[in-house]
K.L.:
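Dumping the structure here so I can ask a few things about it.
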Amino acid sequence: MLRFAIIGTGKISHTFMKAALKVPGFKLEAVCSRSQDNGRAFGSVYGVDKVYTTLESLADDKEVDAVYIASPNSSHCAQTVFMLEHGKHVLCEKPIASNARELERMRKAADGNGRILLEAMRPVFDPGFAKIKEAIPRLGQIRRAVFQYCQYSSRYDAFKNGVIENAFNPALSNAALMDIGVYCIHPMVLLFGRPQRIMASGIFLHNHMEGAGTVLMDYGSMLGEARYSKITDSAQPSEIQGEDANMLIWQIQDTRKIQVTYRDGRPETWEIQKEDNNMYYEVRRMVELARMDGGRELAAAHLEGSVMEMEVMDKVRELTGIRFGE
């Protein structure tokens, strides 16, 4: 049994819990929130009455083995390092850090304290992504990959009415790149590695929050493109183009259908049978790694994708002028 605490009681934590409760070996032990009332309200939904309002009190709880961090992006690094230094495994919500420098601090803390650190990058742990990797050789020489995730934010209407909630506050390390684009960039670098050259452009709102953007990744023999938005929707699938066939992916953040069409027009389609909430697979992987010999080494291998993701996003911020803390 891996006994978890949750830092943060927002919507994503409820979504996490709906998935986690189905995972064998998962147990919610405690909740940490700045507000005692919010913590109690969250805990009552899941039958947990152990509520902390400080990181120190949570860190001192010997009955907590691991922590899921679902706080604002700007808090991920400090909270993760603190928990790792107090002997807790950490599953940190995406994006795992604000930049590559922070992620390096987090990795060193995990290594130095013999703990597991994993980014909660849900799509890359689920059966849909596994099927993408399995089917790619059918495409022949890859020449282009276009991954897109455009989702009109549930908080954007409030923003347009003058109410700036956390999701549209760049002071918390928020940007469409960080919140949405990461779901395109992480799978891209996992499949194809580090790009040789990066170009990028974004659309900025009145408070300098990036609302949408495009990243072009030049791999020499192929092009990778990430299209993302928090201010528009898209009905288009993602696509990988090869010389022998092309692959359509519905959708890169939660793949449930893949179709490969060969040059002779013959299609091959897979419907992915999996959990409705694909956060299930990241929680299951975290529990597996914490319980197996060699789990820390495997977790470190997973983090290589996070490192490449951060390197790309750092460059995109440099190119587009995304700034935090404003």
Side-chain angles (χ1 to χ4, degrees), residues 94 119-151 176-177 179-200 212-229 232-282 284-285 301-302 304-306 308-309 311-313 316:
K94 63 80 200 164
E119 182 175 22
M121 180 52 62
R122 58 187 175 92
V124 302
F125 294 107
D126 85 5
F129 191 71
K131 191 63 183 181
I132 292 171
K133 291 192 291 184
E134 177 189 320
I136 275 183
R138 292 169 163 82
L139 308 185
Q141 176 70 52
I142 305 300
R143 294 304 189 186
R144 184 185 301 271
V146 181
F147 292 168
Q148 62 177 357
Y149 184 15
C150 301
Q151 179 174 286
L177 172 71
D179 301 337
I180 298 290
V182 66
Y183 282 123
C184 303
I185 290 170
H186 193 114
M188 187 77 71
V189 296
L190 272 191
L191 290 171
F192 306 114
R194 288 177 172 85
Q196 298 175 10
R197 188 164 63 107
I198 297 170
M199 292 160 278
T214 299
V215 180
L216 185 64
M217 289 162 272
D218 185 346
Y219 284 90
S221 63
M222 65 160 281
L223 295 175
E225 186 177 350
R227 302 173 184 171
Y228 56 89
S229 175
T232 59
D233 287 320
S234 173
Q236 297 297 312
S238 292
E239 182 179 27
I240 303 174
Q241 298 175 5
E243 293 187 356
D244 297 335
N246 80 290
M247 177 190 296
L248 295 180
I249 302 164
W250 292 268
Q251 301 287 335
I252 193 61
Q253 75 278 6
D254 187 4
T255 301
R256 296 184 180 274
K257 179 181 176 182
I258 299 168
Q259 179 175 295
V260 169
T261 303
Y262 298 93
R263 287 177 53 219
D264 62 6
R266 175 173 50 91
E268 193 171 8
T269 303
W270 296 272
E271 301 281 350
I272 311 301
Q273 303 301 314
K274 63 179 186 177
E275 292 287 333
D276 290 339
N277 181 346
N278 75 333
M279 292 183 82
Y280 170 90
Y281 300 100
E282 67 188 33
R284 187 179 72 179
R285 187 58 172 158
H302 283 301
E304 287 303 313
S306 301
M308 290 189 286
E309 159 208 315
E311 291 172 352
V312 170
M313 294 204 299
V316 172

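Computed over heavy atoms, backbone and side chain alike; hydrogens, waters and symmetry mates excluded.
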K.L.:
Would the distance check show the side chain of Arg138 and the main-chain N or O of Tyr262 forming a donor-acceptor pair, the cut-off being under 3.5 Å?
P.N.:
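Not at all, since once roles are kept as given, no pair shorter than 3.5 Å links the two residues.
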K.L.:
Test salt bridge (charged side-chain N to carboxylate O under 4.0 Å, His left out) on Lys131 and Glu134; report intermediate values, then the result.
P.N.:
CA-CA 5 Å; Lys131 191 63 183 181; Glu134 177 189 320; 2.8 Å; yes
K.L.:
So which heavy atom on Ala176 is nearest to which on Ala212, and how close?
P.N.:
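Here Ala176 and Ala212 meet closest at CB-N, 3.8 Å.
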K.L.:
What do the steps show when you test Leu177 against Ile185 for side-chain contact (heavy atoms from CB on, under 4.5 Å), and what is the final call?
P.N.:
CA-CA 9 Å; Leu177 172 71; Ile185 290 170; 3.6 Å; yes
K.L.:
Side-chain contact, heavy-atom cut-off 4.5 Å: Arg122 with Gln253?
P.N.:
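With C-beta onward as the side chain, the pair touches.
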K.L.:
Name all residues meeting the side-chain contact (heavy atoms from CB on, under 4.5 Å) criterion together with Gln236; count only those two or more places apart in sequence or in a different chain, and write none if there are none.
P.N.:
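Testing Gln236 for side-chain contact (heavy atoms from CB on, under 4.5 Å), a comparison that skips the adjacent residues, returns Gln148, Ser234.
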K.L.:
Identify, with sequence neighbours excluded, every residue that meets side-chain contact (heavy atoms from CB on, under 4.5 Å) alongside Pro137.
P.N.:
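Testing Pro137 for side-chain contact (heavy atoms from CB on, under 4.5 Å), a comparison that skips the adjacent residues, returns none.
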K.L.:
Sub-3.5 Å donor-acceptor pair from the side chain of Gln196 to the main-chain atoms of Tyr219, do we have one?
P.N.:
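Looks like yes, one N/O pair under 3.5 Å.
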K.L.:
Kindly indicate, with the supporting measurements, whether the criterion side-chain contact (heavy atoms from CB on, under 4.5 Å) is fulfilled by Lys274 and Tyr281.
P.N.:
CA-CA 9 Å; Lys274 63 179 186 177; Tyr281 300 100; 3.1 Å; yes
K.L.:
Under the ring-ring contact (aromatic ring centres under 6.0 Å, His included) test, which residues partner Phe129, sequence neighbours left out?
P.N.:
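None.
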K.L.:
Would you confirm whether Gln241, through its side chain, and Arg143, through its main-chain N or O, come within 3.5 Å as a donor-acceptor pair?
P.N.:
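It does not hold such a pair.
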K.L.:
Please examine the side chains of Val312 and Pro195, heavy atoms only from C-beta on, and report whether any two atoms are closer than 4.5 Å.
P.N.:
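Pro195 vs Val312: side chains touch.
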K.L.:
Do Ile240 and Ile132 touch side chain to side chain, with heavy atoms closer than 4.5 Å?
P.N.:
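They are in side-chain contact.
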K.L.:
Kindly indicate, with the supporting measurements, whether the criterion side-chain contact (heavy atoms from CB on, under 4.5 Å) is fulfilled by Met121 and Tyr183.
P.N.:
CA-CA 8 Å; Met121 180 52 62; Tyr183 282 123; 3.8 Å; yes
K.L.:
Side chains of Ile180 and Cys150, heavy atoms from C-beta outward: is any pair under 4.5 Å?
P.N.:
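No, their side chains stay 4.5 Å or more apart.
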K.L.:
Got a donor-acceptor contact below 3.5 angstrom from the Lys94 side chain to the Asp179 backbone?
P.N.:
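Yes.
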K.L.:
Please step through side-chain contact (heavy atoms from CB on, under 4.5 Å) for the pair Asn246 and Val260, ending with a clear verdict.
P.N.:
CA-CA 6 Å; Asn246 80 290; Val260 169; over 6 Å; no
K.L.:
Under 3.5 Å, is there a donor-acceptor pair between the side chain of Arg227 and the main chain of Phe147?
P.N.:
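Checked: no pair found.
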